Chemist: 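If you scroll down you'll find the structure; I have some questions about it.
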Protein chains: 2
Amino acid sequence: MLYAGFMSSTLPPFPTPQEPVENTPVLLELGTDVDEPCLRADAARNRARLLDAAARLVAEHGAAGVTMEAVAAAAQVGKGTVFRRFGDRTGLLTALLDHSERKFQASILSGPAPLGPGAPPVERLRAFGCAALRRAADDLELQLAAEPCPDRRFLVPPRQVRYGHVLMLLRQAVPDADCELLAQTLMGYLEPALIHHLTRQCHMPMDRLQAGWFDLVERVTGSGGSR
Amino acid sequence: MLYAGFMSSTLPPFPTPQEPVENTPVLLELGTDVDEPCLRADAARNRARLLDAAARLVAEHGAAGVTMEAVAAAAQVGKGTVFRRFGDRTGLLTALLDHSERKFQASILSGPAPLGPGAPPVERLRAFGCAALRRAADDLELQLAAEPCPDRRFLVPPRQVRYGHVLMLLRQAVPDADCELLAQTLMGYLEPALIHHLTRQCHMPMDRLQAGWFDLVERVTGSGGSR
DNA sequence: TAACGATCCGGACCGAGGTCCGTTTAATTT
DNA sequence: AAATTAAACGGACCTCGGTCCGGATCGTTA
């Protein structure tokens, strides 16, 4: 089993001063929506409240309105509690995205082909890009706001899952290439910041991005039968 | 003349409340090191002092030590002055990188082949990547710290210059492709954050990144004569 | 050189992210 | 049910990026 060990899951930091607290990632367990495994009753209640309040704030004032203090106030909870639960702002925003990210992951891991297993790798790659583009297009704002600082951007669980997936497919499609690097390149095309730039600032239609993805996959995997 | 109009140049914000103050980019003028065109005597003096102080702070405490207040203090200048001159922290850090960025741009625009004009486009593309990788490797820390927020990352002059260059070369190499998108893809491979991840976190040697670039260019331009 | 207006300076001020630590509370044990 | 302990809570506090505006300075014009 390839990437067991870093299913998305809102990275639960519980940053009690001691112990580095790495990401305690939830193993797959596709159906069950195991969130925070063991959490004291009050903690769980507050966590739910906070996520709810945060979502409300996003809906009302956009991602920029999600201030840690505002969220705390809206959830009638102390500010420290927010940080204890989610580590930092990025963590909170990531948690907000967690549900849809999980669905995305699930459909990749075990959904119907060609996104899920069963189709040939290049075809799955194509499908993956389309799905990723779509997912990026929805709540782009949140994805941008949730972007961590540069030196953590590549260590975040959702990214690792996607990377692992692309890597696996690439290894099947072009076994002789340096697939790690090619995978990073492909991932770069799906970066929220780039999508935002191309669609919102350059006004490209999504169709074009999608066509671009197909073309890129074809070039990278050398699967261009005709040309 | 292709990309006249956005030579790097530390984006001079002079954010006097009114007027949007867009980037007033310096036209090429390769030899002359025209910095801030017209700047009052005291302003120019303070600007120099600030850059000097900032460089000193970087040398001593790393990029993280470059606090706007610390820089102001070290330059014996008010905090407001720093912001007036450089707009924000990103602007200051960018200004620090400006000198080497300009040299880089110059050698691309008019240096010796294959980096400069004269070589066939694919070869220039290869050379460009090598140079960009080298440049990213030096003062990686600064480049990371200077990274703007996601929705400005692609609008920053140095990035636009590089993009324009790659775009031009790609258009020569693969006239029928969607070169805008391919150019963005290639640029993604050279992103400082990615270089940092691959070299510092994955411990890949630079040689491998370089080989990866060659391979990528070959795949993207379809210039693989043999395989 | 005196006066004037545009530009610049400086530091008080604000908001937001993040930390700390004394206090409270939920679970467990006796 | 009382005691115990680990965990969670809350909000004061700190730092830092960014803004504002009254006052000082520079360059120019008369």
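Computed from a predicted structure; not experimentally measured. Just so we're on the same page: letters track the sequence lines, and every chain starts at 1.
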Chemist: With R40(A), which residues qualify under salt bridge (charged side-chain N to carboxylate O under 4.0 Å, His left out), at least two apart?
Modeler: D42(A)

Chemist: Is a salt bridge present between R200(A) and E141(A), judged by a nitrogen-to-oxygen distance below 4.0 Å?
Modeler: no

Chemist: Flag the pair R171(A) and E180(A) as a salt bridge only when some basic side-chain nitrogen lies within less than 4.0 angstrom of an acidic carboxylate oxygen.
Modeler: yes

Chemist: Expressed as a whole number of angstroms, how long is the span from L39(B):CG to dA6(C):C1'?
Modeler: 14 Å

Chemist: Scan for ring-ring contact (aromatic ring centres under 6.0 Å, His included) pairs involving residues 133-154 of chain B, sequence neighbours excluded, and state none if there are none.
Modeler: H197(A)-F154(B)

Chemist: Along nucleotides 9-16 of chain D, 5' to 3', which nucleotides get a B, which get an S, and which get a -, given that the test is a protein heavy-atom distance under 4.0 Å?
Modeler: BBB----S

Chemist: Any salt bridge linking R102(A) with D98(A)? Criterion: basic side-chain nitrogen under 4.0 Å from a carboxylate oxygen.
Modeler: yes

Chemist: Could you state the CZ-C1' distance from F83(A) to dC21(C), rounded to the nearest angstrom?
Modeler: 16 Å

